[in-house]
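Notes to accompany the following structure.
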Amino acid sequence: MKILAITSCPNGIAHTYMAAENLQKAGAKLGIEIKVETQGSIGVENQLTEQEIREADGIIIAADKTVVKDRFVGKKLLVVGVQDGIRRPEELIQRVIKGDVPVYQAQSRSAEGSGDEKKPKQNPIYRHLMNGVSYMVPFIVIGGLLIAIALTIGGEKTPGGLVIPDGSFWKVIQNIGSASFTFMVPILAGFIAMSIADRPGLAPGMIGGFIAANGSFYGSEAGAGFIGGIIAGFLAGYVALGIRKIKVGRALQPIMPIIIIPVLSSLIVGLIFVFVIGSPVAQLFEALTGWLAGMQGTSSILLALILGAMISFDMGGPVNKVAFLFGSAMIGEGNYGIMGPIAVAICIPPISMGLAAMINKRKFAPAEREAGKATFTMGLFGITEGAIPFAAQDPLRVIPSIMVGSMVGSVIAMLGNVGDKVAHGGPIVAVLGAVDNVVMFFIAVIVGAAISVVMVSLLKKDITTVEPTASGDEMTGNSAAELSASTAIINNGSADSEQAVHIEKLTDIVTMDLINLDLEGITQDAVIDEMIGALERTGAVSSANDFKQAILDREKESSTGIGMNIAIPHGKSEAVLKPSVVFGIKRSGVDWKSLDGSEAKLIFMIAVPRNSKENAHLKVLQMLSRKLMDDHFREALLAVTTKEEAYQLLDQVH
């Protein structure tokens, strides 16, 4: 079988390549030939050929921006968000293998997705907006860097600041940078419209964006700015889409996309902007920019706190992108003081997590410390996504830590009048000369990163400490190395018991009858019932209903889906007659509300009598936690084909 894939994220920097790498690794693991085309910030790489598409058994598109699908008509096509490509690559490939993918038809091209399953997962408005942003950002970067370089090298100090003399070579460079900025709003609007209506929407969107940016069309000294550009883009896109749906005669069909749709859409959008919404939107935008420029004291600190929190909350996700778009748009209006705090917040999560992992051996496993080096480097280049692996493994400790550090760094940058002329962040932009008040920029980054390092070091537990608490009902240990301490808490047991169980290894309480390599349930509840059924058949529980209630009570406290495709449901109940563990595999995965968003494929159900002298559930959780951190062990478990193979692997858990 041969599978092709395309990955793309709005900025085309990190998520694009992370998804590609994970899909390739998953394909190699499953023995499937897979080629991945990346549509990143430097363009299309590893492009799929016509012959490869003809020979492919299925195509996966993992993208948060619009990908043209014309070449895939008649092929099985699975369209998901880029995060699914990062977190669930095996599941996507398995769906294609099983044929659980629709065939792409040409007439569905303008729909919001090629499958119903995508609609609840990804907001189409966000996708259209991010498509426009992804094409707009390079123009801001070019303009900002060229202007910064020209002022740094060719500027002369005057009472009004740095000024480049007329006729100077550096004045030409500055003008080229300024020209790049003029494309910002039309490009934003044009590619929003193209995302909605494909190519017929591009020209109307750009024309609408140009009108929005030039107030002279509707009698305003100031244009409608990026807000007007967004409105123009969506208006042009949906107008063009509406005209496309009008049924016309066969004679008119060939000229619809190149004449009728663009002309009518441009005329409608232009007239609406000139006579209806242009002036009010321009007044709103002028008021917004004036308010931001006049922010002083408490109000500016509040804005910095909000921006810092948004940037670090989901590290490249929708919340992050909204703040990033806001700062980028302000650059186009000559307000660099908004992007300055954002540029600081962008790099603090990866820098702080990289430092914490490298310097704190008691809190991070060797593999995490090694990964910290790459994460730190990504932070230097302003790639916030570098912190995602640490946040995914331990979100309850990592995310608050990096948010506080980013918020503090943003406030320091705001108070220090740090400006950024480029729509990017991290020390790299300061080195290139795009940052005002460089000293305060680095102070903000250092202080913010230090706070995050201290917080995460205090919150995370030592990886070498794995002892039961005095009550016997909790397991302590590093959440990343021990697969999240929260999954080990059971508050329904006591220390007195009539039965003591001595467990040296997992197979002391796992039998061949408690291994199921092909779970049939498609929901969490169905899988729980199926696994409890195995316990009932082997005489391990006296009442399936009573034990299930103990399992569900535990799930209410917090999900036992601990990430990395693993779930460990567990419970103590009087209905349990002897300590037992059921092991099951759900190869297509089942939603277990896991901390990292991954679906559970390896499922261990632990059943323990309520009154056991030794806390058997804790011992089993400890053994599983240590062993399941081994990537090769997890891969080997997923690859087993017989119960004997599975039993031999489980015998290694001790």
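Remember, predicted model here, so these are calculated numbers, not experimental data.
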Would you say that more than 12 heavy atoms from the other residues, nucleotides or ligands in this model lie under 6.0 Å from the [atom1] of [X], or not?
{"X": "Glu55", "atom1": "CD", "value": "yes"}
{"X": "Ile522", "atom1": "CD1", "value": "no"}
{"X": "Glu33", "atom1": "CD", "value": "no"}
{"X": "Phe313", "atom1": "CZ", "value": "no"}

Do [X] and [Y] touch side chain to side chain, with heavy atoms closer than 4.5 Å?
{"X": "Lys75", "Y": "Arg54", "answer": "no"}
{"X": "Val527", "Y": "Met605", "answer": "no"}
{"X": "Ile346", "Y": "Phe324", "answer": "yes"}
{"X": "Glu555", "Y": "Pro569", "answer": "yes"}
{"X": "Asp70", "Y": "Asp198", "answer": "no"}
{"X": "Leu650", "Y": "Leu637", "answer": "yes"}
{"X": "Leu506", "Y": "Phe604", "answer": "yes"}
{"X": "Lys2", "Y": "Glu52", "answer": "yes"}

Of all heavy-atom pairs between [X] and [Y], which one has the smallest distance, and what is that distance?
{"X": "Gly229", "Y": "Ala189", "result": "O-CB, 3.2 Å"}
{"X": "Gly132", "Y": "Phe191", "result": "CA-CB, 3.9 Å"}
{"X": "Gln524", "Y": "Trp592", "result": "NE2-NE1, 3.2 Å"}
{"X": "Gly521", "Y": "Ala526", "result": "CA-CB, 3.8 Å"}
{"X": "Phe633", "Y": "Leu649", "result": "CE1-O, 3.4 Å"}
{"X": "Ile515", "Y": "Ala646", "result": "CG2-CB, 4.1 Å"}

- Decide, yes or no, whether a salt bridge links Glu599 with Arg95 under the criterion of side-chain N to carboxylate O below 4.0 Å.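 Looking at Glu599 and Arg95, the cut-off is not met.
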- Message: Under a 4.0 Å threshold between the charged nitrogen and the carboxylate oxygen, would Glu21 count as salt-bridged to Lys25?
- Response: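 Glu21 and Lys25: salt-bridged.
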Using modelled atom types and a 3.5 Å cut-off, is there a donor and acceptor pairing between side-chain atoms of [X] and backbone atoms of [Y]?
{"X": "Ser598", "Y": "Asn565", "answer": "yes"}
{"X": "Glu37", "Y": "Leu48", "answer": "yes"}
{"X": "Ser312", "Y": "Pro349", "answer": "no"}
{"X": "Lys35", "Y": "Gln47", "answer": "yes"}
{"X": "Lys29", "Y": "Glu635", "answer": "no"}
{"X": "Arg244", "Y": "Ala197", "answer": "yes"}
{"X": "Arg587", "Y": "Leu638", "answer": "yes"}

- Query: Does the side chain to side chain contact (heavy atoms under 4.5 Å, CB included) test come out yes or no for Val582 and Asn516, once each step is laid out?
  - Reply: CA-CA 8 Å; Val582 184; Asn516 186 342; 5.8 Å; no
As an exercise, state the distance from [atom1] of [X] to [atom2] of [Y], rounded to the nearest 0.5 Å.
{"X": "Ile32", "Y": "Leu23", "atom1": "CD1", "atom2": "CG", "result": "12.5 Å"}
{"X": "Ile351", "Y": "Thr377", "atom1": "CD1", "atom2": "OG1", "result": "9.5 Å"}
{"X": "Ile551", "Y": "Thr560", "atom1": "CD1", "atom2": "OG1", "result": "7.5 Å"}
{"X": "Ile261", "Y": "Leu241", "atom1": "CD1", "atom2": "CG", "result": "9.0 Å"}
{"X": "Ile61", "Y": "Leu4", "atom1": "CD1", "atom2": "CG", "result": "10.5 Å"}
{"X": "Ile311", "Y": "Cys347", "atom1": "CD1", "atom2": "SG", "result": "11.0 Å"}

- Item | Stepwise side-chain hydrogen bond (donor to acceptor under 3.5 Å, both in side chains) check, Gln94 with Glu90 | CA-CA 6 Å; Gln94 290 282 14; Glu90 285 187 40; 5.6 Å; no
- Arg537/Asp513 under side chain to side chain contact (heavy atoms under 4.5 Å, CB included): CA gap, chis, key distance, verdict: CA-CA 9 Å; Arg537 287 191 297 272; Asp513 293 330; over 6 Å; no
- Ile6 and Phe72: side chain to side chain contact (heavy atoms under 4.5 Å, CB included), yes or no, with the steps? CA-CA 12 Å; Ile6 296 176; Phe72 305 129; 3.6 Å; yes
- Residues Val96, Asp57; criterion side chain to side chain contact (heavy atoms under 4.5 Å, CB included); working and verdict: CA-CA 8 Å; Val96 176; Asp57 296 291; 5.6 Å; no
- Message: Working note: Phe139 + Phe183, criterion ring-ring contact (aromatic ring centres under 6.0 Å, His included); need CA distance, chi angles, decisive distance, verdict.
- Response: CA-CA 7 Å; Phe139 290 87; Phe183 288 96; 5.8 Å; yes
- Parallel, tilted or perpendicular, as decided by the 30° and 60° cut-offs, for the rings of His128 and Tyr238: perpendicular
- Message: Which residue in the set Thr511, Thr507, Leu514, Thr642 passes side chain to side chain contact (heavy atoms under 4.5 Å, CB included) when paired with Tyr647?
- Response: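 For Tyr647, the side chain to side chain contact (heavy atoms under 4.5 Å, CB included) test succeeds with only one of Thr511, Thr507, Leu514, Thr642, which is Thr507.
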